[in-house]
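Along the sequence shown, residues carry numbers from 1. Fair warning: this is a prediction, and the values are worked out from it, not measured in the lab.
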Amino acid sequence: MTDTPQLDVAIIGAGIAGLAAAIGLKDHPRINVQIYERAAELREIGASIALGPNGLRTLERLGVDNALDDAVAFRNKSGHPMIYRHWKTNEVVSVDTHAGPVEYRHQTSRFYRAHLQQALAKHVDPSRIHLAKAFQSVDFDEQSQKLTIAFADGTTATADVLLGADGIHSPVRTSFVPTARTAWTGWVTFRSVFPRSPHLARIPDLPDEACHFWGPERTLFVSPLGGGDLYTVVGSYQSDPGAADAPWKGAAWNAEGDVGVLRAYYRDWSPLVRSIIDATPHTRIYPNVAAEGLDTWVLGGEGRVTLAGDAAHAHGGAFAAGGSLALDDAWAFAAALRHVFPEGSASPVGSQQISRALRIYERTRKAHTDRVIRVVHEGNAKKLARLKTAAAETDAELRARMKNRYDPTWIHEHDVVTAFAQVLKDEGADAATAPAPAPAPVPVQAPAPAPAEQAKL
């Protein structure tokens, strides 16, 4: 009996992308997945997170139905993904709508980030998650034909494939592309998650749907969250990142914030907004960073390393689509490996096969996320341009901007399954139209030289 070669996959990072990729591969009999997380405990930092129809459909494909339940996911009762309200009057100026048909369970949802991670983690064998393993380096060993991954604690692991799902500051990404470091965009958010009771219980007009209040200088997002009595408040501040005295320059991600500062930023807003901000018990700071897109997602001389989620596309905020992008990355990564290494097949595990799988994954996802990055950078540039404009924005101009905002439904309703199928179709077409290799020459034994010719040799 011939042993079927096993494919060892190492995932760096136990966030949304890393856990989802492991789920996508967990039932494959010849693929062994191990996750390495730098934190000492599996605890997601952050506040709220949104998933659009594409991310929710991918959760369903992965079998993570528990994350779609109303006990975990909050959906606007109106069915609108977002409601836009005026900073002074509270009136609804505009709303988002789904472009295509979207059933209830796939309607845009808001989660407490830790709840989403916990829902994913329930589908991963805990023995496959290794904590306190901070990635340090990876090298290819010619003798074993394996990757050797070194961690900060002095230990190592081996694998055939490495997926860097280690966040926007990804050490895996920067170890291969040092120039792909992130830079601060000048935008800072102040995120708070807390129980509605008792903090907001006495606000009669408290929005019970996800709402985005827009003002001339900043916005405020408020929403209930799934998973109980939770509510989120997200304020913002934009400055010129190049200014030496820019507030929050050098601020640490998830640092403790000052609610007094947050209240000062919104002191001139409507009484409703002020009552929400005044009741917010605490806040944390999240400086927004971004990087340019990568030339390739297939890294290393042997083509055995790739990236997913913010590690692959450090866009620093894309219409609240980061979680869905990460889930689609994870599904496409798993689908590509399953295609090249199908169940029941004894196909070899080598650099050529692995590189092919990672190229399929890259072609499925990179063009889409590159476009996302371009749009986000353009949006950041417009924010800075408005900031540097001396003239104050009029109310009419603000309302026009709210109504004519960019339409991101191509991001939220992107179909990763169709994109993957098209890549496979194109790959098959390329193979079918490629010129046939020239036949190898048949060795012909030369006739023995004549005696007269032998003397010349």
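A21 meets the side chain to side chain contact (heavy atoms under 4.5 Å, CB included) test with I11, L163, A330, F333; sequence neighbours excluded. Checked against side chain to side chain contact (heavy atoms under 4.5 Å, CB included), D310 has the following partners two or more places apart in sequence or in another chain: I168, H315. Listed by chain and residue number, W269 satisfy the ring pair (Phe, Tyr, Trp, His ring centres under 6.0 Å) test with W87 (two or more places apart in sequence, or in another chain). Take H28 and apply the ring pair (Phe, Tyr, Trp, His ring centres under 6.0 Å) test, not counting sequence neighbours, and it matches no residue. With sequence neighbours left out, the side chain to side chain contact (heavy atoms under 4.5 Å, CB included) criterion links R374 to D370, R371.
Counting only heavy atoms from C-beta outward, the side chains of D295 and V177 never approach each other to under 4.5 Å. Two residues are said to be in side-chain contact when any heavy atoms from C-beta on lie closer than 4.5 Å; E427 and R363 meet this criterion. Residues L327 and V416 have side chains not in contact (no heavy-atom distance under 4.5 Å, counting atoms from C-beta outward). Put simply, the side chain of N66 does not reach to within 4.5 Å of the side chain of V72, judged on heavy atoms. Between L116 and L59, some side-chain heavy-atom pair lies under the 4.5 Å cut-off.
Under a 4.0 Å N-O distance rule, the pair R196/D229 qualifies as a salt bridge. One finds no salt bridge joining D415 and R57 here, because no Lys/Arg side-chain nitrogen approaches an Asp/Glu carboxylate oxygen to under 4.0 Å. Using a cutoff of 4.0 Å between basic side-chain nitrogens and carboxylate oxygens, E343 and R338 are scored as salt-bridged. A salt bridge does not link R38 with D166: none of the charged nitrogens is closer than 4.0 Å to a carboxylate oxygen. For R359 and E362, the salt-bridge test passes: some basic side-chain N is under 4.0 Å from an acidic carboxylate O.
N288 places no side-chain N or O within 3.5 Å of a backbone atom of T189 that could act as its donor or acceptor partner. A donor-acceptor pair is defined here as one N or O able to donate and one able to accept, closer than 3.5 Å; no such pair exists between the side chain of S236 and the backbone of R218. Put simply, the side chain of E209 gets close to the backbone of K77: a donor and an acceptor are under 3.5 Å apart. Side-chain atoms of R30 never come within 3.5 Å of backbone atoms of F341 as a donor-acceptor pair (strictly under, hydrogens ignored). When atom types are taken as modelled, the side chain of Q145 and the backbone of E142 share a donor-acceptor pair closer than 3.5 angstrom. In this structure, T364 contributes its side chain and I360 its backbone to a donor-acceptor pair below 3.5 Å. Although no hydrogens or angles enter the test, the distance criterion places no donor-acceptor pair under 3.5 Å between the side chain of D141 and the main chain of K146. Between the N76 side chain and the S78 main chain, no donor and acceptor come within less than 3.5 Å of each other. For H199 (side chain) and I276 (main-chain N/O), no donor-acceptor pair under 3.5 Å exists by modelled atom type. Within the 3.5 Å criterion, the main-chain N or O of Y104 finds a donor-acceptor partner in the side chain of R75.
Donor-acceptor pairing under 3.5 Å is lacking for the side chains of T148 and D139. Side chains of H130 and Q34: a donor on one and an acceptor on the other come within 3.5 Å. A donor and an acceptor atom, one from each side chain of D96 and H412, are nowhere located under 3.5 Å apart. For N254 and R191, the side-chain atoms include no donor-acceptor pair closer than 3.5 Å. Judged purely by distance below 3.5 Å, without hydrogens or angles, the side chains of S347 and Q353 never pair a donor atom with an acceptor atom. Using a 3.5 Å distance cut-off with no hydrogens or angles, the side chains of T409 and D407 do pair a donor with an acceptor. Under the 3.5 Å distance criterion, with hydrogens and angles disregarded, no donor-acceptor pair is assigned to the side chains of T232 and R113.
Other residues, nucleotides and ligands contribute at most 12 non-hydrogen atoms within 6.0 Å of the CD atom of Q352.
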Derivation of the side-chain contact (heavy atoms from CB on, under 4.5 Å) call for R85 and V92:
CA-CA 4 Å; R85 301 176 70 164; V92 175; 4.1 Å; yes
Run H313 and D329 through side chain to side chain donor-acceptor pair (under 3.5 Å) and show every step you take.
CA-CA 10 Å; H313 34 83; D329 288 350; 2.6 Å; yes
Pair F221-R110, side-chain contact (heavy atoms from CB on, under 4.5 Å): steps then yes or no:
CA-CA 12 Å; F221 171 72; R110 270 85 191 181; 3.9 Å; yes
Intermediate values then yes/no, side-chain contact (heavy atoms from CB on, under 4.5 Å), F190 and T280
CA-CA 11 Å; F190 304 85; T280 298; over 6 Å; no
Let me see the working for L325 and R365 under side-chain contact (heavy atoms from CB on, under 4.5 Å), right down to the final yes or no.
CA-CA 9 Å; L325 292 171; R365 297 297 296 151; 3.7 Å; yes
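Each of W331, W297, F420 was compared with Y361 under the ring-ring contact (aromatic ring centres under 6.0 Å, His included) criterion, and only W297 meets it.
Sorted by first and then second residue, the pairs that involve residues 134-188 and meet ring pair (Phe, Tyr, Trp, His ring centres under 6.0 Å), not counting sequence neighbours, are Y36-F151.
Between Y406 and F319, the ring centre distance stays below 6.0 Å.
Geometrically, R405 engages Y84 in a cation-pi contact defined by less than 6.0 Å to the ring centre and at most 45° from the axis.
Using the six-membered ring where Trp is involved, Y265 and W248 have ring planes that are perpendicular, over 60° apart on the 30 and 60° scheme.
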